[in-house]
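Down below is the structure, laid out as structure tokens.
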There are 2 protein chains.
Amino acid sequence: MDMDKPPRPERKDVFLNYKIWLSGLTGNGMVDDSTYMLLHLIGEKGSLKAAADEMKISYRKAWGDLEKAEEILGYALTQKHRGGKDGGSSILTPEATRLLEAYTALQQRFDDNVEEAFKEFISRLRQV
Amino acid sequence: MDMDKPPRPERKDVFLNYKIWLSGLTGNGMVDDSTYMLLHLIGEKGSLKAAADEMKISYRKAWGDLEKAEEILGYALTQKHRGGKDGGSSILTPEATRLLEAYTALQQRFDDNVEEAFKEFISRLRQV
DNA sequence: GGCCGATATGGACTTCACTTCATATCGAAA
DNA sequence: TTTCGATATGAAGTGAAGTCCATATCGGCC
């Protein structure tokens, strides 16, 4: 005869994800992971277009994201130059560099915490 | 005569936001804040429809979200009943209740951390 | 002084998630 | 046994965000 199935349900592998971002008072637009990547690549390549290409996003979006980010923070993140031999360039302001450094530390802090928090979460789920 | 503006740019108020969620291996669908709210309301109201109404989302979406959540976790979060005097009902499984408890603790932990991390982030930005 | 390629920006088109709509099923109670 | 309201689910409609496209501007360099 049949016995009841054990009450412990089979569980699948689950993953805890997180996302952090900065926003302004209006909530319109954000400075997120992708913005930081964009800034990082601008610093590396010296060009918004090159950064956008590298990220495989449209120049239009990259430009708009940067615009939003500067609007949210209230100061310039890049010095843009039009014309010239290479057509133009974008370089990071000192503020952008500092922002990247601060973000890296923040990111690290979260990564560490998330792993720990997830373990705790899972163990609570299993009703230890 | 004009003096140069001070190099310290004016800053606007910025806010650090975060979002956490669970996902499966496929990355298709998620268990997020809104899912937890949905579960919480189902527990409170005893009905998926009532919960959806309360959250002002369509029943279609609520139903789909619940489906996704159960698929990700690999076990049932609600016991559904069709027909009867009230047309039907949904009640939480013990697993769902445990999930809500574990999530509340996780949420709390993050809230605490985020506040602290944000302060650190801002102070780094200001180059103390 | 014309050329080239990046910055700059508006507008059309596409994508995708969510809402709406439509329709079926179920079962206790009157 | 008819009714009523929630569960269940596909399909069409809608809106916001992003991609594409088109076009203008700028300025070292040959």
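Naming: A, B, ... by sequence-line order, numbering from 1 per chain. Owing to the predicted nature of the structure, the values given are computational and were not obtained by experimental measurement.
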Counting only heavy atoms and a strict 4.0 angstrom limit, can you tell me which residues of [range] come near DNA chain D?
range	result
residues 36-50 of chain B	Ser47(B), Leu48(B), Lys49(B)
residues 80-88 of chain A	Arg82(A), Gly83(A), Gly84(A), Lys85(A)
residues 52-71 of chain B	Tyr59(B), Arg60(B), Trp63(B)

Pairwise side-chain contact, [X] with [Y], heavy-atom cut-off 4.5 Å (strictly under):
X	Y	value
Lys68(B)	Met30(B)	no
Lys12(A)	Leu73(B)	no
Glu101(B)	Arg124(A)	no
Thr78(B)	Ile42(B)	yes
Thr35(A)	Leu22(A)	no

Can you name the residues that form a ring pair (Phe, Tyr, Trp, His ring centres under 6.0 Å) with Phe118(B), not counting sequence neighbours?
none
Have [X] and [Y] got a donor and an acceptor in their side chains that come within less than 3.5 Å?
X	Y	result
Asp33(A)	Tyr103(A)	yes
Asp112(A)	Gln108(A)	yes
Ser23(A)	Asn17(B)	yes

So what stems show up for DNA chain C if we need 3 or more Watson-Crick or G-U pairs in a row, all under 3.5 Å?
C:1-30 with D:1-30
Is there a side-chain polar atom (N or O) of Ser90(B) under 4.0 Å from OP1 or OP2 of dT7(D)?
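The answer is yes; a side-chain N or O of Ser90(B) sits under 4.0 Å from OP1 or OP2.
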Do other residues, nucleotides or ligands put more than 12 heavy atoms under 6.0 Å from Lys85(A) NZ?
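Counting other residues, nucleotides and ligands, NZ of Lys85(A) stays at 12 neighbours or fewer.
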Side chain to side chain contact (heavy atoms under 4.5 Å, CB included), paired with Leu39(A), selected from Leu92(A), Val31(A), Asp65(A)
Leu92(A)
Among residues at least two apart in sequence or on other chains, which ones pass side chain to side chain contact (heavy atoms under 4.5 Å, CB included) with Val114(A)?
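For Val114(A), the residues satisfying side chain to side chain contact (heavy atoms under 4.5 Å, CB included) (neighbours in sequence not counted) are Leu16(A), Tyr18(A), Phe110(B).
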